[in-house]
Visitor: 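The structure that follows is given in the form of structure tokens.
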Amino acid sequence: KMKPMMKSFRGIRAAFHIFSRDLHHHHCVGIIGAPFSKGQQRDGVQRGADLIRAAGLVQKLKGQGCVVKDYGNLIFEDIPNDEPIGRLKTPRAVGRANELLAGAVLKIKSDGNTCVMLGGDHSLAIGSISGHAASRHELSVLWVDAHADINTPLTTPTGNIHGQPLSYLIHELHSKIPIIPHFSWLKPCVAAKDIVYIGLRDVDPEEHYILKHLGIKMFSMTEVDRLGIAKVMEQTCDHMFSKVKKPIHLSFDIDALDPSVSPATGTPAAGGLTYREGIYITEHICQTGLLSAVDMVEVNPKQGKTEDEIKSTVNAAVDLILSCFGRVREGSHEPDYQIPNP
């Protein structure tokens, strides 16, 4: 009497495996490590890429059906006498590093992969987005971060370029960027209307003015609280896809998450995204089918007070990347239990 039921159960299981395979098989992922820290002042962030790899990123991506090619780490030359220019700190090192990264990202895109850039600090978005834009012409940029990173070299209060990358990339701010050594290769490649921010809660007054002046779509943590993350993602996609569906560049600063989840980062800001909200963002972007490149930046083990703080931050970064490529929380893996023989 049990046999027909077991057969139907096996049929469901077989169908489940086909569904699971189809869900994941199409993701081709190219990983590039960028162990670079000169866009800011805190040592340790250059170790982020290797820690994310050491937490099993490649194996876990393969385990959920992705085809993965790891392109290794870029090697950044040391630039002596990198004196400030105005307020800008280490401009030559940042310019050179991003030129190298842009070439690497262009290669990964040309090979037909979705690019995952493991930072390093957020100044690397200059090269990552430039290289991506060179392969895809027009992009939508989703910037998930506690900070707007849109100071210009003239408005920056610190001189750290990791607080400025978007200003170098936006067409409408081109006139505000002075000539800087080792930046002559860079051309603006993103329109203000194609940028969406999620997670903002520590924005400089000048940045606030720039955001309002350019009319950039943004969801501060106040908005996330008011609307809920599902509505935020719905409105984000409505905005990004209102006219043409462009490839998405997701630039994710781990400090977007609350410090209770990811404390090992250079500029933590209280009141951030929960782990669940972060994962919801990446799941939703995966489901659009338009994700074309991801930055995961600002994981800094030296800013963790304990091993657990470092581990929590690194694991959050890994999980965010996995859900960019089809990992779903409903469960899409082999069941842990064994089916009894009939």
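It should be emphasised that the depicted structure is a prediction, and the values quoted were computed from it without experimental measurement. Just so you know, these numbers use all the heavy atoms, side chains as well, and skip hydrogens, waters and symmetry mates.
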Visitor: May I have all residue pairs that pass side chain to side chain donor-acceptor pair (under 3.5 Å) and include part of residues 178-190, sequence neighbours excluded?
Guide: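 Every pair satisfying side chain to side chain donor-acceptor pair (under 3.5 Å) with a residue in residues 178-190: Arg96-His182.
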Visitor: Give, for atom CG of Leu250 and atom CG of Leu139, the distance between the pair rounded to the nearest 0.5 Å.
Guide: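 If I round to the nearest 0.5 Å, the distance is 12.5 Å.
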Visitor: Have Asp111 and Tyr71 got a donor and an acceptor in their side chains that come within less than 3.5 Å?
Guide: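 Yes, because at least one side-chain N or O of Asp111 sits under 3.5 Å from a partner of the opposite role on Tyr71.
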Visitor: Nearest 0.5 Å please: distance from the CZ atom of Arg136 over to the CD1 atom of Ile248.
Guide: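 One finds 13.0 Å between CZ of Arg136 and CD1 of Ile248.
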Visitor: State, yes or no, whether a side-chain contact exists between Ile177 and Pro153 at a heavy-atom distance under 4.5 Å.
Guide: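 Result yes, sub-4.5 Å side-chain heavy-atom pair found.
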Visitor: Assess, by modelled atom type and distance only, whether the side chains of Glu298 and His162 contain a donor and an acceptor separated by less than 3.5 Å.
Guide: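 Looking only at side-chain atoms, His162 and Glu298 do form a donor-acceptor pair, the distance falling under 3.5 Å.
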Visitor: When you measure from the side chain of Lys89 to the backbone N and O of Thr158, does any donor-acceptor pair fall under 3.5 Å?
Guide: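 Yes: the side chain of Lys89 pairs with the backbone of Thr158.
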Visitor: Is the backbone N or O of Asp149 less than 3.5 Å from a side-chain atom of Glu207, with the two atoms forming a donor-acceptor pair by type?
Guide: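 It does hold such a pair.
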Visitor: Taking Thr152's backbone N and O only, do any of them form a donor-acceptor pair with Thr156's side chain (distance below 3.5 Å, no angle check)?
Guide: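 No; zero donor-acceptor contacts below 3.5 Å.
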Visitor: Under 4.0 Å between a Lys/Arg side-chain N and an Asp/Glu carboxylate O for Asp308 and Lys311?
Guide: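 Result for this pair is no, no salt bridge flagged.
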Visitor: Would a distance-only check, ignoring hydrogens and angles, find a side-chain to backbone donor-acceptor pair under 3.5 Å from Arg42 to Gly266?
Guide: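 Yes: the side chain of Arg42 pairs with the backbone of Gly266.
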Visitor: What are the two closest heavy atoms between Ile85 and Pro181, and how far apart are they?
Guide: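 Between these two residues, the closest heavy atoms are CD1-CD, 3.1 Å.
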Visitor: Rounded to the nearest 0.5 Å, what separates atom CD1 in Ile126 from atom OG in Ser128?
Guide: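 Ile126 CD1 to Ser128 OG: 11.0 Å, rounded to 0.5 Å.
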Visitor: Report yes or no: do His147 and Asp253 form a side-chain donor-acceptor pair below 3.5 Å?
Guide: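 Note: His147 and Asp253 side chains miss the donor-acceptor criterion.
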Visitor: When you group the ILVMFWY residues by side-chain heavy-atom contacts below 4.5 Å and let the links chain together, are Val314 and Val297 in the same group?
Guide: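 Each belongs to a different hydrophobic cluster.
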Visitor: Check for a donor-acceptor pair, side chain of Asn300 on one end and backbone N or O of Thr265 on the other, with a separation under 3.5 Å.
Guide: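 Pair absent, no side-chain N/O of Asn300 close to backbone of Thr265.
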Visitor: Does a side-chain N-to-carboxylate-O contact under 4.0 Å join Arg327 and Asp319?
Guide: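 Here Arg327 pairs with Asp319 in a salt bridge, since their nearest N and O are under 4.0 Å apart.
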Visitor: What closest approach, in Å, do Ala49 and Asn73 show between heavy atoms, and which atom pair accounts for it?
Guide: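 Shortest heavy-atom contact: CB-OD1, 4.3 Å.
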Visitor: How close do Thr114 and Ala293 get, counting heavy atoms only, and between which atoms?
Guide: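 Shortest heavy-atom contact: CG2-N, 3.9 Å.
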Visitor: Can you hop from Ile229 to Leu227 via hydrophobic side chains spaced under 4.5 Å?
Guide: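 Ile229 clusters together with Leu227.
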Visitor: Between Ser140 and Asp194, is there a side-chain donor-acceptor contact under 3.5 Å, judged purely by atom types and distance?
Guide: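 There is no such pair (donor and acceptor under 3.5 Å, judged by atom type) between the side chains of Asp194 and Ser140.
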Visitor: Take the angle between the ring planes of Trp143 and His122 and call it parallel below 30°, perpendicular above 60°, tilted in between.
Guide: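 Ring orientation of Trp143 relative to His122: parallel.
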Visitor: How far does NE2 of His284 sit from CD1 of Ile279, to the nearest 0.5 angstrom?
Guide: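 It comes to 15.0 Å.
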Visitor: Could you tell me whether a side-chain N or O of Arg201 sits under 3.5 Å from a main-chain N or O of Gly199, the two making a donor and an acceptor?
Guide: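 Yes, the answer is positive, given that a donor and an acceptor are paired below the 3.5 Å cut-off.
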Visitor: Inspect the surroundings of NE2 in His239 and state if more than 12 heavy atoms from other residues, nucleotides or ligands are less than 6.0 Å away.
Guide: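 Result for NE2/His239: enclosed.
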Visitor: Is there a donor-acceptor contact under 3.5 Å linking the side chains of Lys109 and Ser292?
Guide: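 There is such a pair between these side chains.
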Visitor: side-chain contact (heavy atoms from CB on, under 4.5 Å) for Lys69 and Ile108? Distances and angles first, verdict last.
Guide: CA-CA 9 Å; Lys69 180 171 180 184; Ile108 291 169; over 6 Å; no
Visitor: Hey, what do you get for NZ (Lys217) to CD (Gln235), rounding to the nearest 0.5 Å?
Guide: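 Atom-to-atom, Lys217:NZ and Gln235:CD are 5.5 Å apart.
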Visitor: Applying the side-chain contact (heavy atoms from CB on, under 4.5 Å) criterion to Leu118, which one of Leu124, Leu57, Asp295 satisfies it?
Guide: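 Result: among Leu124, Leu57, Asp295, Leu57 is the only option passing the side-chain contact (heavy atoms from CB on, under 4.5 Å) with Leu118.
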Visitor: Thr90 and Ile161: side-chain contact (heavy atoms from CB on, under 4.5 Å), yes or no, with the steps?
Guide: CA-CA 8 Å; Thr90 58; Ile161 299 178; 5.6 Å; no
Visitor: CD of Gln303 to CG of Asp255: how many Å apart, nearest 0.5 Å?
Guide: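 Between Gln303 CD and Asp255 CG, I get 11.5 Å after rounding to 0.5 Å.
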Visitor: Tell me, do Pro188 and Ile170 make a side-chain contact under 4.5 Å, heavy atoms counted?
Guide: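 In short, these two side chains do not touch, never coming nearer than 4.5 Å.
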Visitor: If only atom types and distance count, is the side chain of Thr313 paired as donor or acceptor with the main-chain N or O of Ala264 below 3.5 Å?
Guide: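 At least one qualifying donor-acceptor pair exists.
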Visitor: In terms of hydrophobic clusters joined by side-chain contacts under 4.5 Å, are Ile52 and Phe76 together?
Guide: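 Result: no, two separate clusters.
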Visitor: Quick one: are Asn113 and Val29 in side-chain contact, heavy atoms under 4.5 Å?
Guide: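 They are not in side-chain contact.
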Visitor: Would you say that Ile180 contacts Arg92 through its side chain, given a criterion of any heavy-atom pair below 4.5 Å between the two side chains?
Guide: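 When only atoms from C-beta onward are counted, Arg92 and Ile180 do not touch, as no gap falls below 4.5 Å.
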Visitor: Looking at side-chain heavy atoms only, is the closest gap between Asn151 and Glu206 below 4.5 Å?
Guide: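 Yes, their side chains come closer than 4.5 Å.
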Visitor: Side chains of Ser323 and Thr282: do they bring a donor and an acceptor to under 3.5 Å?
Guide: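 Looking only at side-chain atoms, Thr282 and Ser323 do form a donor-acceptor pair, the distance falling under 3.5 Å.
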Visitor: Between Val45 and Lys302, does the side-chain contact (heavy atoms from CB on, under 4.5 Å) criterion hold? Intermediate values first, please.
Guide: CA-CA 8 Å; Val45 74; Lys302 285 201 171 177; over 6 Å; no
Visitor: May I ask you to check whether Asp121 and Ser37 show a side-chain donor-acceptor distance below 3.5 Å?
Guide: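 Ser37 and Asp121 do not have a side-chain donor-acceptor pair below 3.5 Å.
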Visitor: Is it true that a side-chain atom of Asn98 and a backbone atom of Ser123 form a donor plus acceptor pair closer than 3.5 Å?
Guide: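 Indeed, once roles are kept as given, a pair shorter than 3.5 Å links the two residues.
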Visitor: Please determine, by modelled atom types, if Ser220 and Glu223 share a side-chain donor-acceptor pair under 3.5 angstrom.
Guide: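 Note: Ser220 and Glu223 side chains meet the donor-acceptor criterion.
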Visitor: Please tell me if the side chains of Asp145 and Phe252 come closer than 4.5 Å, counting only heavy atoms from C-beta onward.
Guide: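 Heavy-atom side-chain distance check fails, nothing below 4.5 Å.
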Visitor: What's the shortest heavy-atom distance between Gly304 and Ile310, and which atoms?
Guide: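 Result for this residue pair: CA-CG1, 4.1 Å.
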Visitor: Would you call Lys38 and Asp82 a salt bridge, taking side-chain N to carboxylate O under 4.0 Å as the test?
Guide: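 A salt bridge is absent here (no side-chain N lies under 4.0 Å from a carboxylate O).
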Visitor: Quick one: does Gln64's side chain have a donor or acceptor within less than 3.5 Å of a partner on Leu61's backbone?
Guide: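 No.
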Visitor: Answer with yes or no whether the hydrophobic clustering places Val141 together with Leu291; edges join I, L, V, M, F, W, Y residues whose side-chain heavy atoms lie under 4.5 Å apart.
Guide: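 Val141 and Leu291: separate clusters.
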Visitor: Val144 and Leu169: same hydrophobic cluster, using ILVMFWY side-chain contacts below 4.5 Å?
Guide: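 No, Val144 and Leu169 fall in different hydrophobic clusters.
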Visitor: For Arg87 and Asn160, does a side-chain donor sit closer than 3.5 Å to a side-chain acceptor?
Guide: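 No, because no side-chain N or O of Arg87 sits under 3.5 Å from a partner of the opposite role on Asn160.
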Visitor: What closest approach, in Å, do Ala97 and Phe36 show between heavy atoms, and which atom pair accounts for it?
Guide: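 Of all heavy-atom pairs spanning Ala97 and Phe36, the closest is CB-CE1, 3.5 Å.
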Visitor: May I ask you to test the Thr288-Cys237 pair for a side-chain heavy-atom distance under 4.5 Å?
Guide: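 Result yes, sub-4.5 Å side-chain heavy-atom pair found.
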Visitor: Decide side-chain contact (heavy atoms from CB on, under 4.5 Å) for Ile195 and Ile150; before the verdict, give the C-alpha distance in whole Å, the side-chain angles of both, and the deciding distance to 0.1 Å.
Guide: CA-CA 12 Å; Ile195 298 164; Ile150 200 168; 5.9 Å; no
Visitor: Does a side-chain heavy-atom distance below 4.5 Å link Arg329 with Glu283?
Guide: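 They are in side-chain contact.
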Visitor: Taking the six-membered ring of Phe241 (Phe, Tyr or Trp), confirm whether the NZ or CZ of Lys243 is under 6.0 Å from its centre and within 45° of its axis.
Guide: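 Lys243 over Phe241 ring: no.
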Visitor: Looking at Gln59, I'd like to know if its CD atom is crowded, meaning that more than 12 non-hydrogen atoms belonging to other residues, nucleotides or ligands lie closer than 6.0 Å.
Guide: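 For Gln59, atom CD is crowded (more than 12 foreign heavy atoms under 6.0 Å).
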Visitor: Specify the closest pair of heavy atoms between Pro301 and Arg47, including all atoms of both residues, with the distance to one decimal.
Guide: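 Scanning both residues, the minimum pair turns out to be CG-NH1, 3.7 Å.
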Visitor: Checking Glu309 side chain against Lys305 main chain: does a donor-acceptor pair fall under 3.5 Å?
Guide: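 At least one qualifying donor-acceptor pair exists.
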Visitor: Can the ring centres of Tyr197 and Phe219 be said to be less than 6.0 Å apart?
Guide: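 Not close enough - the centres of the two rings lie 6.0 Å or further apart.
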